[in-house]
Structure formats: C-alpha cells, structure tokens
Student: 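Here's a structure for you.
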Amino acid sequence: MNSNILKPQRIDARDLNYRELNRLVKDAANKGVKNIRLTNVNGQRYIGTGVNSSPKININGVPGNDLGAFMDGCSIDVSGNGEDGIGNTMNSERIVINGNAGDILGYSMRGGEIFVRKNVGYRVGIHMKSYKNMYPVIIIGGCARDFLGEYMAGGLLIVLGLNMKNKNSIVGSYCGTGMHGGKIFIRGNVEPWQLGKEVRVYEPNKDDFSLIGKYLRIYCRLFSLDFDSIIKTSFTKLLPGSSRPYGKLYAY
Amino acid sequence: MKRIRIDEKYCMGCRLCEVHCIVQHSKTKNILKTYMGEYPKPAPRILVEEKGYITFALQCRHCEDAPCLDACMTGAMYRDKETGAVLCNEDKCVGCWMCIMVCPFGVISRSSDKKIASKCDLCMGEDIPVCVKNCPNEALKYEDSKD
Amino acid sequence: MKTLKTEYLIIGNSAAGVACIEGIRKVDKTGSIAVISDENIFNYSRPLISYFLAGKVKKRAMPFRDKKFYSRNNVKLVLGNTAEKLDTKKRIAYLSHGEKVVFNKLLIATGGSPIIPEIKGSRLDGVFAFTKFGDAVAIKDYIKKHYIKHAVVIGGGLIGLKAVEALIELGIKVSIVELADRILSTTFDTKASGIIQDALRKAGCNIFTKNTVAEILSKGEDKKVTSVTLKTRKQVPADLVITAIGVSPNIQLVKNTSISINRGILVDEAMQTNVKDIYAAGDVCEKNIPIWPNAFKQGRIAGENMASGNAEYTGSIAMNSVELCGIPTISIGKTSLEQDKYEILEMRKKEESIYKKIVLENNHIVGCIFVGDIERAGIYTGLIINRVDISNIKDKLLEEDFGVLALPEKYRKHLVGDVGLEV
Amino acid sequence: MAKRPTPTEFIVERDKDKCIACQVCVRMCSNDVHIYDADTNTVTSDNSRCVGCHFCETLCPTDAITIKKNESCFKPNANWSASVISDITKQAETGGVILTGMGCDKPYTIYWDHILLNASQVTNPSIDPLREPMELRRYIGRKPDKIELNYNKGKVELKTKLEKQLKLEVPIMFSAMSYGSISLNTCISLAKASHELGIFYNTGEGGLHKSLYKYGKNTIIQIASGRFGVHPEYLKTGAAIEIKIGQGAKPGIGGHLPGEKVSKEVSEARMIPEGTDAISPAPHHDIYSIEDLRQLIYALKEATDYEKPVGVKIAAVHNVVPIASGIARAGADYIAIDGMRGGTGAAPKVIRDNVGIPIEFAIAAVDARLREEGIRTNVSLIAAGGFRSSGDVIKAIALGADAVYIATSALIALGCSQCQKCYTGKCNWGIATQDPYLTKRLNPEIGVQRLKNLIKAWSLEIKDMLGGMGINSIDSLCGNRTHLRGIGLSDRELKILGIKSAGEPQ
C-alpha cells in the first residue's frame, strides 16, 4: 500500500467526462497517492478542485477552465497551455503553466503561487488579496492583456515580458483599475494610458527587488531561465494611490 | 438561593438600573416625585462601572462568606434567613463604615441622608429586584445560584 | 448550679466569644455550649460605648446579637461571673461564685484591659478608662451629677478620639494629650493626622502633642479632679479625665497554667493554644491587632475548629474606620512608612478635606489612608489581603472612577468567581 | 461652505415636566443628539443630529421624549419635497453619491396589498389547524422529473437518487446579511434562531465568524464577486452555497464595506487586513454569461463533492424571466430572486429607489415561464424583498415561490426602526454596527427569542390561512394561483401576476 502511494499514478483522461476524471483524481488523492499524472487531458474542467489531500498533479494536454479553482493543498504542473479561470479563488500551493494561459487567471486568489511561462489573457489577478500569512503571487513570463490586477487588494503580480515581439504591449489597458492593495511589478515600461486611474507609478527600491527575487528565483529555476539577466533590467512598480479609492464617493 | 447575575457582555451602560434603584428606595417610589421632590434623593445602591465600551452594573453580591458581616460591630448587618441576602438593619447601623472598609467589591456606601450604610437589599418584598426587572438588555438576571 | 458540664466553654462574650458560637454552630448544631461573662449585659458592642456616651445609641441598642441569639443557638449564658482558675488537664474552669465548669473544648476570649497610667492622681474621682460599657455608664452618670466644662483625654489614639468625639457632642471642651508628635500616630501619617487635628481644633479642642500628663489634681480635700499638669508644667482645667493609652491582654486566668503566653496567649493558625482543645481568640491573643473584625473572625475560626471544622486564620492587617468631626476616615495596613522600599501614591483635595494615600511595596499595596472620601475603600483592602500585584493598574489606583473594572483580570475573576458575576 | 437649507428631519420633543435629567438618552444616543448641562441640571437636544431611531424614546424611564417628524420647513410641493431639496443641498455641498440603508421606501404599488386570498365555504370544507395536522415543511433543491419506487416485502423505498435538498420546517429563511454590515450579535441571533427553528440563515458575502461555524448545518454561505472569506473550510461548513449575483436594493452594482467597519473580527471573517475597504465589484469577473455561471456553479459543486445545493441569487430586474430560465438551465439548485424593496446596509439612494421590479411580478413571471419551459422542478424558487407579514409570505408561495427570504422584518423583530442609517455604522440598536459600545446592545439571547417568536407567529397564521383554504400542506399551495385574486389592478398587471380579478369565480 505504502509503496503504491509513492509510485506516481497515471490516469488516462481520454474520453473521460470532467466529473469522471475528477472523481478518479480525488479517489487517488484520498488514497494518499503523492503524484498523479494525467495524460490526454482535453479540456476537462476543475482539475484539482476539491482535492482534499496534497498530491502533485502533472497534466499532459490542455486542462479546461477553472483549473485548480478553490484549490487548497494540492499542486499542479501543466506541461502545455491552460485555459480560463486558472486558480479561481485559490487558497494555497502552486500552479505551473508551461505555456500560455487564458483569462481571469488567479481571480480572487488568496494564497499560493501561479507561474505562467508565456502569455496570459484578460482580467488576470483581479481582486487578489492577502491575509495574514497568506500571500498570493502570480508571475507571468510573457505579457498580459487588459484589466491586469483590477481591484487588486493584496499580494504580488509580476509581468516579465520575456520573448515579446516588439509590437506587443506588456500589459493591455486599464491595468490596476480600482487597485487598493498589493503590488504589481512590470519588467520594462508601462505607458500612462495603460494604467487605471487608481494606480501610481514608482521606481522599485532594494526591498522590492528582494521581494521580486524571492519568487523570481523559484520561477527561473522551474523554467530553467537565467535569473540574473532577468532581474538586472528595469522594473516598473505599481501601487494603489489610496487604500480607500472610493472613500470620498459618498455624501454622508 | 437567588442572586443577581451580571453579564458584562450585554450591559449597555444606560444606567436605568440606577434610576430604578433610586426610585425603589425613595419615600414615594414614584419616579417623578422622587426626582423632582425628594432632597436629598436616595443614592443608588447599584453602581455602573464604565471604561470605554466595557460597562457593568455592580451591586452587593450577598457573598457567602461576607466580610461585612464579620466587620459589623453593631450587628446591623445580618443575613436574611429566608433569602440569604445580606441586609443592613437601618435602626441598628451607626455609620462606623467598617463594612465599607472590608467590602472587596466596594458596593456599600454611605447613605445620602442618614448616617447609615446603604447597600443592595435585593428589593426585599419585590419578586424581582427592580434593576433586573428594568434592565433593557437583560444584562442583569435574577437566578438561583449554584449553592 | 454547682457543676456544669458542657461540650464547649467560651470565656468572654464580646466579638470573639459570640463569633465562636456562630463558628461552632456552623459545624456542630447540637453540642452544648456555655458562655461565661464577667459583665452583666447579655452582650454589647464595645465600640458602641462612645455612641452610647454621646447619647446617639440607647442602652437597648448596644447588643450586636439579640437576646434570643443564645436560646436559638442553644447556649447557656452565665453572666456576671468570672472564670478565676483553669485546670487544663482536668478541663475544669472555676468561677468566682464557686461553681465549676467541666468542658471538653474551651475558648478563651477574655479580651484586654485598659492600661491605667501610673500618674499621681489617677485614682481621683472623675478619672475614667474607656473600654467597657460600665465605663461609659459611669462617665455618663458622672457628667449627669457634676457640671463638666472641661475634659482631658489622655491618649490621642482611636479610643481616645472616640471619647473626644462623644464629649464634644455633649458640649464639653476637650483637651487631648498625646505622647507622640500627632494624634492617631499609629494609624495615620502626618497629613491625615493634620486634617483631623485641624478639624478637632476647629471644633474647639486643645491638642497637646509630644506631651504627657504629669499629675492629675483636685482642689483641697475634694476627691474630684479639677485639672491636670502637663509635663511641660502647663496647667489644663479638667472636670473629667479619660485615660486611653492602650489595652493589654487579660491573661490572669492562664498565668500559671500550661498554656503558653507572652504578652498575650500564643495561638496557631487554627487559633488553638499549645494545649489541645483550648483555643483563644481576640484581644487576649499575642500579636493581635485589637480591632473588631479581627476578633470576630478569629472567634469564628476558633469555633469552627473546636467543632472539628477545618478553618485557618491567615493573619490580619490593621484596619480602622472612624468618623471624626464629620470626616470619615479609613486606614488600612502600613500607612506612615517613609523608607525607600515603599512607593507612595497620594491625592489631596485641600478644600474638601479629602486625602488619599496608597503605600506600595514591590508593586503590592501594603497600606492606605482615606480621609474625607472613603467610598469603595474595601476594594483596596481586598487588594492588600489577597496580595494582588498591581503593577498594571498603578496609575489607575487613585483615579476618580477606580473600581472593580480596573482590577487585574485574574483577581477580578477570583473575586467574582462563585458569586454570579460574569465580568 | 455657506449654509443652504437642509431641514432637520425630526424634532425631539422633551416634556420638561417629565424629564428627570437621568441622562439615559445622553448616554445612549450614538448620534449625540442629547446634551446634558450640569449647571442647570437639564437635558436639551440637537434636532439636526436625530435620525429617528427611537432608541432614546424606548429607554426613557418617564416617557418624556417623543420623536416627531419636522412638519415645518418647506412650502408643500409634490415635486420639490423636503427630502429632494435636502438631497440636492447635500450633494451641492459634497459632490457625493447619496447613500441610504434598508429597502426602497417610495410609494410604488405594493402588490401584496392588491392580492386577496381564498377561503373555503360549503362546497369544500376548511380545515381546523388546531385539530388537523398541518404541513409547513418545504424542501429546497432540484426535484426529479419522476420518481421510481422499490416495493420490497411491503416496504416502499425510493429508488430514484435525490439531489441534495435543504429541509425547512417553515417556508421562511433569513436572507443574506453579511457580518460587517450587521453585528456579530445579530449574526448569532439569526444563526441560533435558524438552528432552533429548523430553517436557514445566510452569511451574505461577509465570510463566517469562527463562533458561527457551529451553526453550519443551518447556514447558507454566500459567494459574491469579492469572494470575501471564501476558503475550503467555509465551503465545507455551509449547508448550501449561494452565488450572489445581485441584490434587490442595488441591482447591477457592487458592494463596498468601508474600511472603518472592517474591525479585527470582521477582518478575520472576511480574510482581509483590518481597516481596509472590502470592495465587491459589480460583476463577478469570471461570470459574463450563463455559461460562465454554470462554470462557477459546477466549480463549487466539484469543490464540495456535489454534497451541497448551489443556488444563485439575483435581483428582480426587467429581464428576470429569461435570466432565471438560464440559471435553472445552468444547474442551480435554487434561484433566489430579490425584489426591489429588499434591504441593504448601504446603497446609492437613486439606485435603491429606481432600479429593479417588485418581487410580486418577478416571482409570478419566473414561475410561469419555468413551468412553460417544463423546468420548474429542476430548481426551487425563493422570493425575497420586503416581506412584511405571513400574508405576504403565503401569497408569494401561491404565486410560485417555494420559500421566502426575510431580512428586514427579522431586523425589525430585533429592534430596527427603519431609520435607514445603517451605512453610518452608528446603529443605536446594535444591529448595523461594529462599534463595540453599540453591538452589545443586542443581546443574542433576546434576539433569538424574538426571531423565534416572529416565525412561530407567522407559522400559526399561515396554518390558519391554509386551513381556511382547505389545504393541509404548504406544498399544495405552491404556485396554486387559483387561490389568489387581484383587487384594484389593471388587466395587464393581473395577467403578469397570473391571477384573476376579485369577483371572478374559479
């Protein structure tokens, strides 16, 4: 039994409905299997959601929406691309996407890390928040689309803009709209028109670089990137202008 | 034996207990007459302590091992056989304040008009002490004590 | 009655004696109890004699337990009889009227006697002590018979001042002679004494401190006192002299028995003497602070233990509450210490004659004085008795609204633990 | 800024002959209306601060205080009323959005008051609820299209596997109110009362305070766009999960709990730092379509192993009918529809008073449409938004609701006087506040008793009305509109409500 749970368990997702697949994953996890390898994944949703123990799930193929939604305890590594809603209201541990990811990644994420090697879609990191020792972190290797970090209330968002084509913009428009907590770091420059009116631009200081470094080192190790060459370029730091952006909206 | 239980969590600090205590121990027992016509008006035998939002009303605890009973040199302070309440016989009290000196709760005071000790008498004669009856948030309860 | 057999014998019928009855009855509802008293009143409160003298309390209000108290508790009360000899082996007490009482357990609560100063003239008419009801009655009679204009009270302690107050009340001009540099020197500090001295002077008293009476004088062959001469040669008119310089334990009964004594009778925490089943309580005991609550508590504890209870006397602190010239005062514990190891907190409102003082030692209260405002003084007594660390509430101790709420949480819980207070 | 007319709303009338200057009012008013003057030993009042909560009036031991509406002020004008003038003035001063609390108070038609109930006479007997058993129990959740039974040696067993249901002893639940907008003592009162009544209360989007976990079996936990306090333990604890899309008092807009209300305890329940704003965006940013909603519904089911019903709460808006149909098809186990008179802790006044439709129309229209589409049993309907009495409740059920949510009437049971100042955080009754000086005024022991009494009273009345109609189970009344008649309504209104006019026979 013990030797069984130490062995990686393979699950072939071909032709499986998401409920069937997730049932198999949960059953394996409940048995105490430490490493679950999913192959032939093709758009099945909610992988990693409601998995109560802490296996590592490797995914071959393209997982569907809401990968790791409400995730707590297990960790996920996707060999290729991900879809929308990755890490929705995620609580802890780590999701690694080796390719691109879709929209609303890390929505309302409260803890853990999401590392994406390439680009992400719209509305990424909306309403991330930290609480006590829970500190959500998203690092995007490529670029992000509009509404990055909207309503952000806490945590850390880093966009690296690696392998960008010249025409691409590292973030879209409305970056940090309604932001009232947390920190966004963007490698390189952001144009003022790209920012929501609630954010302010700063030069990162020494502490900021050590914060970035803490997570970026892990990121670089995971994706075999050269940390030093990435960190030495300039970063733009975005902070909320106020922790109470809407404090003066009302007549009392 | 029935005692007044104080629940600090729900004491709002309104001091209605003091008002009703004053009226109960007045000559007329009528609130308007007490406040408008009695000089001096009786001092409340319940005391609301207050610090920020923490408030509670405190009155004689009618201790099982009451130091005031030992300290009273006239025998004015006595325990009522029926209710177990610690009471002060006003005819015997000479106002030596020994009871004030030994009460660890500080709930015995000098009467406002006579030289006698003034303390909670559980509103002898009433079913429920008036402070309990009139507490708008049931922060005071009249309950059987464990002993 | 020639021979009386009793389970419990109590000699003395004041605070300790009566409390002992209550203590015994708490544990033993039936065992026979006999009480011997050398006085003829079935009981009375000694501290009330000054109120009696002043006419504020009638004779019938003197008892602190009613007459039925004894029958209700099934106690045989023997009045006007003195226990003269004690056989601790045979457990027999011999009374002055020739009877003997055979007992199983005994409480000696014979109290103390006033110390009469060795002064020339101290046997003159009109010179009185002031500790017993008989004294008060005698003084009252004397005042009734003679026209008394001036009185001298020797001793500015509590008993003396209680006498002073009664005399002022009766319209007599009083002079106080005190050996120390101020009145109430054992319980008060200079400031508190000062406030009371000022008030007494305002009420018409003369106060002679650092002084003593050298001689008590009468005119010619008349045995009636007329004046006193002070150590300083000053002559002070005196139609009445009251001596109040202290009391000493009444230990005549136990002298020459196997009961250990020093100045008073030696007892353990159970109030038992070195002789098994023989207890002592109140002013007759060694190292007792002669105040009512102590005597009462000791008596009760002795009683419980005599009836095979298990009570312990954990010691007492000096405590006094007196109202002089309309100013209520309370003093507790150590009050007039000036050494470095004591920290002093003070508050004074001169115009209202209000003075409060708290003496701290290692963040514990060891004494306080309250003059003018004594509300909630007992809270401080509690802090002293329970040896509560007050480091966190030091700054609050003298605040206007200091109360239970300000007490350290642990103590507050201890205090209210079983009396239905959820604070 | 120069003064402009802002009439005081109330006048504190103090009977000088009765005021004993006990200062209870002075101590108790969180708005500092009453002022004691020690020199004259009198109490006076600053009318401009009075919000009309009647707390002082309630406590005054001599009945010396009466709070009266200020009748003076402006020349009567149906268009430019005092409140209009006062709002404009306030906005001219601050440039801000006018906030308000509780439900819409505009005199729109309350259709409950235009609907009459039926009773039996001669041709069918009424039932005496004192003698006959009356069933008020309801189950909330998806029902199967058909039921298969197993007959085993005379024993009948249900073969069809039922979806998870919420069992209600009475078809009334306490609607969503978040910890933060209301005090913990209010939450405790609601939770404990629900537990004892066998019904449910709803956390709103405020997360769950640690002391409330023990009432999990009677708790519907809510997930809103801010996802406050949503974590695995929270999902596990609730009896059902409700996705909040909208609220009747403020359809289409988000919520915003100001930082000053985020106390230490609130911050723990919401899992955000103390003192920070809790902003719920207007939409869930992962839900832009019915398909997205379905995705969240199933994400939640997946997260809780399909063990709990997942419902969706929406505000009653013009398009509520197709939206509800979509929600039913998205896999929700119940739909809660909140009408425009539903309450709120804080909402822009203009939205509260002008957006949405009454619950009466919404519930009637949705029920009818779901029946037409043949999917009515797929989903339960919960009606919310200003239920004032058992009469309103029973009419809603006859119009098609499976159960109703009440909140405002629950708060009134606890002491709320509808002063509509919840957003100030100074609620004198200790309900809509986090100020520890005020929250202790609501003793949950009293609160629980009052809530239980209210529900008990309504239950008795409902049983009486049911009996009168000759019905012995609330189930039989659900959607049974033949028992309703309209009065004073237009044909169009009658048609939408799906009821006949008073006077029309069966």
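Order of the sequence lines sets the chain letters (A, B, ...), proteins ahead of strands, with each chain counted from 1. These numbers come from a predicted model, not from an experiment.
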Student: Please determine, among Lys129(A), Lys132(A), Arg19(A), Met134(A), the option with the most heavy-atom pairs under 4.5 Å with chain D.
Tutor: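 Looking at each option in turn, the highest pair count goes to Arg19(A).
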Student: How close do Val312(D) and Ile297(D) get, heavy atom to heavy atom, and via which atoms?
Tutor: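 Closest approach of Val312(D) to Ile297(D): CG2-CD1, 3.9 Å.
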Student: Is it true that Lys301(D) and Asp333(D) make a salt bridge, defined as a side-chain N closer than 4.0 Å to a carboxylate O?
Tutor: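 Yes.
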Student: When heavy-atom pairs shorter than 4.5 Å are enumerated against chain D, which of Tyr151(A), Tyr122(A), Tyr131(A), Tyr18(A) gives the highest number?
Tutor: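 Result: the option with the highest number of such pairs is Tyr131(A).
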Student: Within the structure provided, determine whether Phe70(A) and Glu302(D) are in side-chain contact (heavy-atom separation under 4.5 Å).
Tutor: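 No, every pair of side-chain atoms sits at 4.5 Å or beyond.
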Student: Based on non-hydrogen pairs under 4.5 Å, which of His284(D), Arg270(D), Gln91(D) is most in contact with chain A?
Tutor: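 Of His284(D), Arg270(D), Gln91(D), His284(D) has the most heavy-atom pairs under 4.5 Å with chain A.
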Student: Between Glu113(A) and Arg94(A), is there a side-chain N and carboxylate O pair less than 4.0 Å apart?
Tutor: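 Judged by the 4.0 Å cut-off on N to carboxylate O distance, Glu113(A) and Arg94(A) do form a salt bridge.
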Student: What option among His231(D), His285(D), Glu268(D) has the most heavy-atom pairs under 4.5 Å with chain A?
Tutor: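 Most heavy-atom pairs within the cutoff with chain A belong to His285(D).
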Student: Under 4.5 Å heavy-atom distance to chain D, tell me which part of Asn88(A) shows up: side chain, backbone, both or neither.
Tutor: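 The side chain, not the backbone.
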Student: Go through Gly95(D), Ser267(D), Pro348(D) and name the one with the most non-hydrogen pairs under 4.5 angstrom from chain A.
Tutor: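 Among Gly95(D), Ser267(D), Pro348(D), the one with the most close pairs to chain A is Ser267(D).
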Student: Below 4.0 angstrom, N of the basic side chain to O of the carboxylate: do Asp77(A) and Arg37(A) qualify?
Tutor: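 Salt bridge absent between Asp77(A) and Arg37(A).
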Student: Given that the side chain runs from C-beta out, which part of Tyr298(D) has a heavy atom under 4.5 Å from chain A: side chain, backbone, both or neither?
Tutor: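 Both the backbone and the side chain of Tyr298(D) come within 4.5 Å of chain A.
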Student: Can you tell me which of Thr276(D), Ile98(D), Asp305(D) forms the most heavy-atom pairs within a distance under 4.5 Å of chain A?
Tutor: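 Between Thr276(D), Ile98(D), Asp305(D), the count favours Asp305(D).
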Student: Let me know if Tyr234(D) has heavy atoms under 4.5 Å from chain A in its side chain, its backbone, both or neither.
Tutor: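 Looking at Tyr234(D), nothing touches chain A.
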Student: Indicate yes or no for a side-chain donor-acceptor contact from Ser173(A) to the backbone of Asp146(A) under 3.5 Å, with no hydrogens or angles considered.
Tutor: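 Checked: no pair found.
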Student: Under 3.5 Å, is there a donor-acceptor pair between the side chain of Ser289(D) and the main chain of Asp292(D)?
Tutor: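 Confirmed, Ser289(D) side chain pairs with Asp292(D) backbone.
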